[in-house]
Amino acid sequence: MCGIAGWVASGPAIPPADTLGEMLGAIAHRGPDGSGAVLIECRATPHEVALGHRRLAIIDPEGAPQPMRHTAAGLTLVFNGEIYNFRELRRTLELAGLRCERDSDTEVLLRAYELWGHDVVHRLRGMFAFAVWDERDESLFLARDRFGEKPLFIATRGDSLFFASEIKALLCVPGVQASVDLDAVRSYFAYRYVPGPATLFTGVRKLPPATTLVWRRGVAVQRRYWVAPDRAAHDGARPPSADVVGEFGRRLTEAVELTMVSDVPFGAFLSGGLDSSVIVALMSRLGGKVKTFTAGFADGTSELPYAAAVAREFGTDHREIVVSHADVAARLKSLVAKRDAPVSEPSDVAIHLLATAAARSVKMVLTGEGSDELFGGYPKHVAERFAPAVLWLPASVRRLFEPLVRALPYRFRRLKTAAASFRVGDRRERYVRWFGALEGADLTRLTALGAARHDWDAPPFDAEPGASALRQALYFDQTSWLPDNLLERGDRMTMAASIEARVPYLDHELARFVSGLPDRWRVRGLTGKRILRAAAAELLPRSIIERPKVGFRVPVDEWFRGPLREFLQDHLRGRDSLTRGYYHGAALDALVDEHLTGRQNHDKLLWMLLNLEIWHRQYVPRTRATAAPLQQVA
């Protein structure tokens, strides 16, 4: 796990000599164990190539410095991530006559590129973002892993290209546009995060997951090399094996074993829920005593007792932390700066604090992220099957229930979310609504920005015609919600503490197997993640498998009415607010007052608005701030 940065630039776009050092300094938290940089002059064109690297040493900690050069082949590599199957690839390379000197996934990746070129991405099993400068044709090759576990951001100026693991490094480059992208703000209101390839900055975009980019002589070409298998209409009418559960268990065990490859101490984040408990159970079988870490909240629903029970079951070295409202107030601004974006989920603060605690004894952790998106674990995966029946009712009938549902108290939040989503007939708009905060008329009532624009012909909305409702919803989750929110926050919150997080459930071979099963192996009746539950029966006590999902709930609603009340109002209603001009003032005040008086719970929406304001204060220069930032950034 590391951080990378660099460019291929010409003429006035070539940054000053100290820029690469500044870029690496901005992401030093991603790699506190070392750094390296190299400058290369092109022969055929007047371009300069810069490659820089910050290292967090996990595999071959004493060796494998980067940038790594293979002079004879004319290749230079900077790499962020882990190639879990690197030892298998090394044997293949040696059979082809390419010898590796070290037990290093970095060297294996470099030699694998030498042998397979751009097709190397198809051979890799892991999480990665890397850049290779190929002197043979003077091209720069960028690649990102299939699900988007590792980040890579890019910016362009004319025929020049700049890249980095985090946006803050790109903002060190003179000329990179750092103004606010209003289209991205609209999307943020609709999704609660900014879907790729956009960012909140006009001049910076994400390289999408499962995508490569080749720059050659001023021309950059992107190619998508892999598609999440749930895009296909096939619903796995015939299981690939008579022993479906056994085969799944073997494949999941293999994925966990691969992600445990490490030359330094590691552990696991343990919530006490099904997903992380299965990971810890398999780690215990494969590697003995496991270090586990869990977080709870001082004033809200806590899973600490469940996590402690799992830790006792498997005899782990277990540690707990408790997060309070004071931690949120103290850390939120710095974490927005770490993410270069609003902290979209309150639980992100807990993840960072958990990573900080874990970093005192380990350098890598396994997590249960991705299970819901792969196996169908959200209530919407059950509810989407009923959408056609609900939408069949006349609109006049559905409208009768809307005010009744909207007036229900917070404990009926899932019903309220479902009712709001089922108002939307277009399934693609509905996917946005399930996890979103504002859409359509709600957005118009609150803001002066207008509705978000969606490209329905591009991922994550282009599941094949005929795909089941479950597969369509999962494909959206796997190509938007997962990479642009959950994985992005997981990377930033852990790397801000200089610790690596690995996600066994997102092994692409495991995803392919599960996608080939009939839908009933994921969602059956009102129960999701059926295949995982079946496999867990051999690993976990029934009390863990069958207990209701609590989730990583932070009591933000109570905090906003209590200890964080002034903090919230100062940011949204104060004289220094940079975003108040986005909203109709009366509508914003009514929203805040409804929450503070307890008439309604708007915690998700208010959290989103609060974080957008904090982000503006971090990145919009004070000299340009006005009471109506619409004029400033339009």
Side-chain angles (χ1 to χ4, degrees), residues 2 4-8 38 40 42-45 47 49-51 53 66-86 88-90 92-93 95-98 100 104-154 156 159-165 196-197 205-229 459 479 483 508-509 512:
C2 307
I4 63 175
W7 65 74
V8 53
V38 64
I40 303 170
C42 294
R43 299 184 306 272
T45 62
H47 289 82
V49 180
L51 300 175
H53 182 261
Q66 296 188 47
M68 182 173 285
R69 305 192 73 172
H70 184 358
T71 306
L75 302 174
T76 306
L77 166 73
V78 286
F79 162 49
N80 169 32
E82 306 292 347
I83 307 302
Y84 303 136
N85 64 333
F86 79 95
E88 175 188 338
L89 291 175
R90 185 176 61 188
T92 302
L93 292 171
L95 290 174
L98 278 69
C100 295
S104 160
D105 61 340
T106 304
E107 184 182 11
V108 167
L109 177 57
L110 183 62
R111 301 308 299 270
Y113 182 89
E114 179 186 359
L115 180 61
W116 293 303
H118 299 171
D119 289 336
V120 68
V121 289
H122 298 292
R123 305 271 183 161
L124 305 179
R125 200 167 175 180
M127 55 181 188
F128 53 83
F130 65 87
V132 177
W133 175 251
D134 190 337
E135 295 178 13
R136 296 170 296 188
D137 62 354
E138 299 203 324
S139 65
L140 181 69
F141 179 75
L142 304 178
R144 194 173 174 209
D145 64 64
R146 293 170 179 83
F147 281 109
E149 295 176 61
K150 294 298 102 194
L152 195 57
F153 296 91
I154 55 179
T156 57
D159 66 353
S160 299
L161 174 72
F162 307 87
F163 67 89
S165 295
R205 62 188 176 91
K206 306 169 189 176
L207 184 69
T211 299
T212 63
L213 183 151
V214 179
W215 180 100
R216 184 181 293 111
R217 299 193 176 188
V219 178
V221 178
Q222 283 188 197
R223 180 176 67 90
R224 191 178 182 193
Y225 66 85
W226 183 83
V227 176
T479 53
H508 74 277
E509 295 292 350
R512 183 172 63 177

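- With rounding to the nearest 0.5 angstrom, the CG atom of Leu142 is 6.0 Å from the CG atom of Leu161.
- Using bins of under 30°, 30° to 60° and over 60° for the plane-to-plane angle, the ring pair Tyr113/Phe141 lands in the tilted bin.
- In this structure, His122 and Tyr225 have perpendicular ring planes: the angle between them is above 60°, well past the 30° mark.
- Under the 4.5 Å side-chain criterion, counting only non-hydrogen atoms from C-beta, Phe128 is not in contact with Tyr84.
- In this structure, Ser104 and Glu107 approach most closely via the heavy-atom pair OG-N, 3.2 Å.
- In summary, of the residues considered (Arg69, Gln66, His70), a side-chain hydrogen bond (donor to acceptor under 3.5 Å, both in side chains) with Thr76 occurs for Arg69 alone.
- When atom types are taken as modelled, the side chain of Arg146 and the backbone of Val121 share a donor-acceptor pair closer than 3.5 angstrom.
- Here the closest non-hydrogen pair linking Asp145 and Gly126 is CB-O, 3.9 Å.
- Pairing each heavy atom of Ile83 with each of Asp105, the nearest pair is N-OD2, 3.1 Å.
- In summary, the side chains of Asp159 and His47 do present a donor paired with an acceptor at a separation below 3.5 Å, with no hydrogens or angles considered.
- Note: Arg125 CZ to His508 NE2 = 6.5 Å, rounded to the nearest 0.5 Å.
- Closest non-hydrogen pair, Ile4 versus Ala129, comes out as CD1-O, 3.7 Å.
- To the nearest 0.5 Å, atom NZ of residue Lys150 and atom CG of residue Asn80 are 5.5 Å apart.
- Of all the heavy atoms in Arg43 and Glu135, the pair that sits closest is NH2-O, 3.1 Å.
- Between Arg136 and Glu114, no side-chain nitrogen of the basic residue sits less than 4.0 Å from a carboxylate oxygen of the acidic one, so the salt-bridge criterion is not met.
- Between Cys2 and Phe79, the shortest heavy-atom contact is CB-O, 3.9 Å.
- No side-chain donor-acceptor contact under 3.5 Å links Thr92 to the backbone of Arg90.
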